[in-house]
Amino acid sequence: PGREQCPGDVIHRDGRGDRGRRPAVQTLQRREIHGEPVEPKPEREERLLREAEQPVRILERLAWPIEVRTLFLTRKAKRLPQIEYHPLALKPVMAQLTKARAEMDALEPWARSWLRGIARAVEGGARMLAHLGTPEFHTWSTVLYGTPRTPLQDGRTTSLDLAHTLVNVFDSLRGGAVGRESISAGEVAKILRARARKAFGHEAPQVVLVENLSANALAGPNAVRIRKRSHFTDTDVEQLIQHELMVHVATALNERSQKHVPILAASNPATTRTQEGLAVFSEFMTGTMDPQRLHRLADRVLAIDLSMQ
């Protein structure tokens, strides 16, 4: 599975998606250039979209220096952090998107719908990053990702409902922690390097230790970064392998190998739900998900809802 949604998926301002099915066999409409019939392929459109999405790096722009966390906790969490954001320049992104959209009209409907959906997601991410540090950032984030109170597939249940259910269950059990052994970031890096080489061979990404990172670990097709000061349990390590290596890295390498559809290697907000959902599902299906991890995921949902209130 790659990072892209289905070809017919459309993002609405309320966060819903309309999923369409792509026929098993596709043909592209014919057009003429200098009187000669040409089969249009979405290569130029894809290239323009790739150029447009390059600066839309959400996690990189949102990441806080580790010193912010240290100072916040030193002050007993009594003062909100003061963050200097650097908003994205919106005009260059929109100019590239305008060019890409102008090229899409001659494409077959399924290709046009799919690429326009990607363009909308890139635009939404760009507009969100252009409003860093303002209320409009929150507005655009809810358009792209929904909220804890956005209904799920059944149209009734919300992520907030599920989070409350999980927290109530875990609080009633009060079980002990799983995997108490403390493993340094350096040891974790060695383990991940070995597993990456075994899974991906010469395409295995580097595993590097970094000082500043918003999460304990982040993965991409070229590198897995681990925060140097972090410590892990043995259960944490297995979760990282399944979540970061076997989903994020594996799908990124798969996407990068699609030479005829290079846009699949692009990252955009429309792919986040599938990527993170698949990664957490992988933890669950491989038996590496433990109650503490699931509790943390539920707590994040509760924390986001509290921040919105």
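Both backbone and side-chain heavy atoms feed into the values below; hydrogens, waters and symmetry mates do not. In this text, all values refer to a predicted model and were calculated from it rather than measured experimentally.
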Run the side chain to side chain contact (heavy atoms under 4.5 Å, CB included) check on Ile241 and Ile191 step by step: do they pass? CA-CA 9 Å; Ile241 290 169; Ile191 296 170; 4.3 Å; yes
Gln206 CD: over 12 foreign heavy atoms closer than 6.0 Å: no
Without swapping roles, check the side chain of Thr274 against the backbone of Thr271 for a donor-acceptor pair under 3.5 Å. no
Between Arg120 and Arg101, is a side chain to side chain contact (heavy atoms under 4.5 Å, CB included) present by the stated rule, with each step listed? CA-CA 10 Å; Arg120 282 192 293 272; Arg101 284 165 169 152; 4.2 Å; yes
Ignoring hydrogens, what is the shortest heavy-atom contact between Pro148 and Met308? Give both atom names and the distance. CD-SD, 3.8 Å
Audit row: Asn212, Arg225, side-chain hydrogen bond (donor to acceptor under 3.5 Å, both in side chains) steps and yes/no: CA-CA 10 Å; Asn212 290 326; Arg225 293 176 290 163; over 6 Å; no
Hydrophobic side-chain clustering at under 4.5 Å (ILVMFWY, transitive links): who's grouped with Leu218? Put none if nobody. Leu59, Val208, Val210, Leu213
If you measure from the Lys or Arg side-chain nitrogens to the Asp or Glu carboxylate oxygens, is any gap between Glu187 and Lys190 under 4.0 Å? yes
Given Glu123, which partner from the list Ile118, Leu90, Leu97 fulfils the side chain to side chain contact (heavy atoms under 4.5 Å, CB included) test? Leu97
When you compare the side chain of Pro81 with that of Leu71, does any pair of heavy atoms fall below 4.5 Å? no
Looking only at non-hydrogen atoms, find the nearest pair between His231 and Ser184 and report the distance. CD2-CA, 3.9 Å
Please check if any side-chain donor atom of Asp236 sits under 3.5 Å from a side-chain acceptor atom of Thr233, or the reverse. yes
Between Leu192 and Glu244, does a side chain to side chain contact (heavy atoms under 4.5 Å, CB included) hold up when you go through it step by step? CA-CA 10 Å; Leu192 263 61; Glu244 303 293 347; 5.6 Å; no
I need the Leu294 CG to Met289 CE distance, nearest 0.5 Å. 5.5 Å
Reported NZ-to-OG1 distance for the pair Lys91 and Thr98, which is rounded to 0.5 angstrom: 12.5 Å
Is it the case that one hydrophobic cluster holds both Val261 and Leu115, taking links as side-chain heavy atoms less than 4.5 Å apart, direct or via other members? yes
Does some side-chain heavy atom of Val93 sit less than 4.5 Å from a side-chain heavy atom of Pro55? yes
Would a distance-only check, ignoring hydrogens and angles, find a side-chain to backbone donor-acceptor pair under 3.5 Å from His138 to Thr134? no
Could you tell me whether Arg69 atom CZ has more than 12 heavy atoms of other residues or ligands within 6.0 Å of it? no
Considering only heavy atoms from C-beta outward, does the side chain of Val167 approach that of Leu302 to under 4.5 Å? yes
If you take all heavy atoms of Pro205 and Ala196, which pair is closest and at what distance? CD-CB, 4.2 Å
Could you check whether any side-chain N or O of Arg61 sits under 3.5 Å from a backbone N or O of His86, counting only pairs where one atom can act as donor and the other as acceptor? yes
Applying a strict under-4.5 Å side-chain criterion to I, L, V, M, F, W and Y, I'd like to know whether Leu278 and Leu162 cluster together. no
Quick test of your reading of the model: are Glu108 and Arg112 salt-bridged, counting only N-O distances below 4.0 Å? no
Side-chain donor-acceptor pair under 3.5 Å between Trp140 and Tyr145, yes or no? no
Where at least one partner belongs to residues 282-309, residue pairs that pass ring pair (Phe, Tyr, Trp, His ring centres under 6.0 Å), sequence neighbours excluded: Phe170-His295
Mind checking the OG-CZ spacing from Ser141 to Arg127? Nearest 0.5 Å is all I need. 15.0 Å
Once rounded to the nearest 0.5 Å, what's the spacing between atom CG of Leu62 and atom CE of Met128? 6.0 Å
Neighbour count >12 (heavy atoms, 6.0 Å) for atom CZ, Phe281: no
Arg50/Glu45 salt bridge by N-O under 4.0 Å criterion: no
Nearest atoms (heavy-atom pairs only) where Ala219 meets Val249: CB-CG2, 3.8 Å
Is there a chain of hydrophobic side chains (I, L, V, M, F, W, Y, each step under 4.5 Å between heavy atoms) that links Met94 to Leu48? no
Same apolar cluster (I L V M F W Y, side chains within < 4.5 Å links), Phe232/Ile66: no
Salt-bridged, Asp105 to Arg116, with N to O below 4.0 Å? yes
Whether Ser113 side chain and Pro109 backbone form a donor-acceptor pair below 3.5 Å: no
What's the verdict on side-chain hydrogen bond (donor to acceptor under 3.5 Å, both in side chains) for Thr235 and Asp290, showing C-alpha distance, side-chain angles and the deciding distance? CA-CA 8 Å; Thr235 307; Asp290 65 89; 4.9 Å; no
Enter the distance from Glu53:CD to Ser267:OG here, rounded to the nearest 0.5 Å. 7.0 Å
Do we see a donor-acceptor contact under 3.5 Å between the side chains of Asn222 and Arg256? yes
Quick one: do Glu203 and Arg197 make a salt bridge, cutoff under 4.0 Å? no
Given side chains that start at C-beta, do those of Thr150 and Ser159 come closer than 4.5 Å, heavy atoms only? no
Under the 3.5 angstrom rule, does the side chain of Asp161 hit a backbone N or O of Thr157 as a donor-acceptor pair? no
Verify the neighbour count for atom CD of Gln309: are there more than 12 heavy atoms of other residues, nucleotides or ligands below 6.0 Å? yes
Of all heavy-atom pairs linking Ser257 and Asn254, the shortest is OG-O, 2.6 Å
Is there a donor-acceptor pair under 3.5 Å between the side chain of Gln96 and the backbone N or O of Pro92? no
If we count only N and O atoms by modelled type, under 3.5 Å, do the side chains of Glu276 and His243 hold a donor and an acceptor together? yes
Do other residues, nucleotides or ligands put more than 12 heavy atoms under 6.0 Å from the CG atom of Leu80? no
Between Gln275 and Thr251, is any side-chain donor less than 3.5 angstrom from a side-chain acceptor? yes
Hydrophobic clusters here meaning ILVMFWY residues chained together by side-chain heavy-atom distances under 4.5 Å, can you tell me if Ile304 and Leu160 are in one? no
Look at atom CZ of Arg79 and say whether more than 12 heavy atoms of other residues, nucleotides or ligands are closer to it than 6.0 Å. no
Has Ser230 got a side-chain atom pairing as donor or acceptor with Ile226's backbone, closer than 3.5 angstrom? no
Please determine whether a side-chain nitrogen of the Lys or Arg among Arg229 and Glu211 lies less than 4.0 Å from a carboxylate oxygen of the Asp or Glu. yes
Assess the side chains of Glu283 and Gln242: does a donor N or O sit below 3.5 Å from an acceptor N or O? no
Working to the nearest 0.5 Å, report the span between CG of Leu245 and NZ of Lys198. 12.5 Å
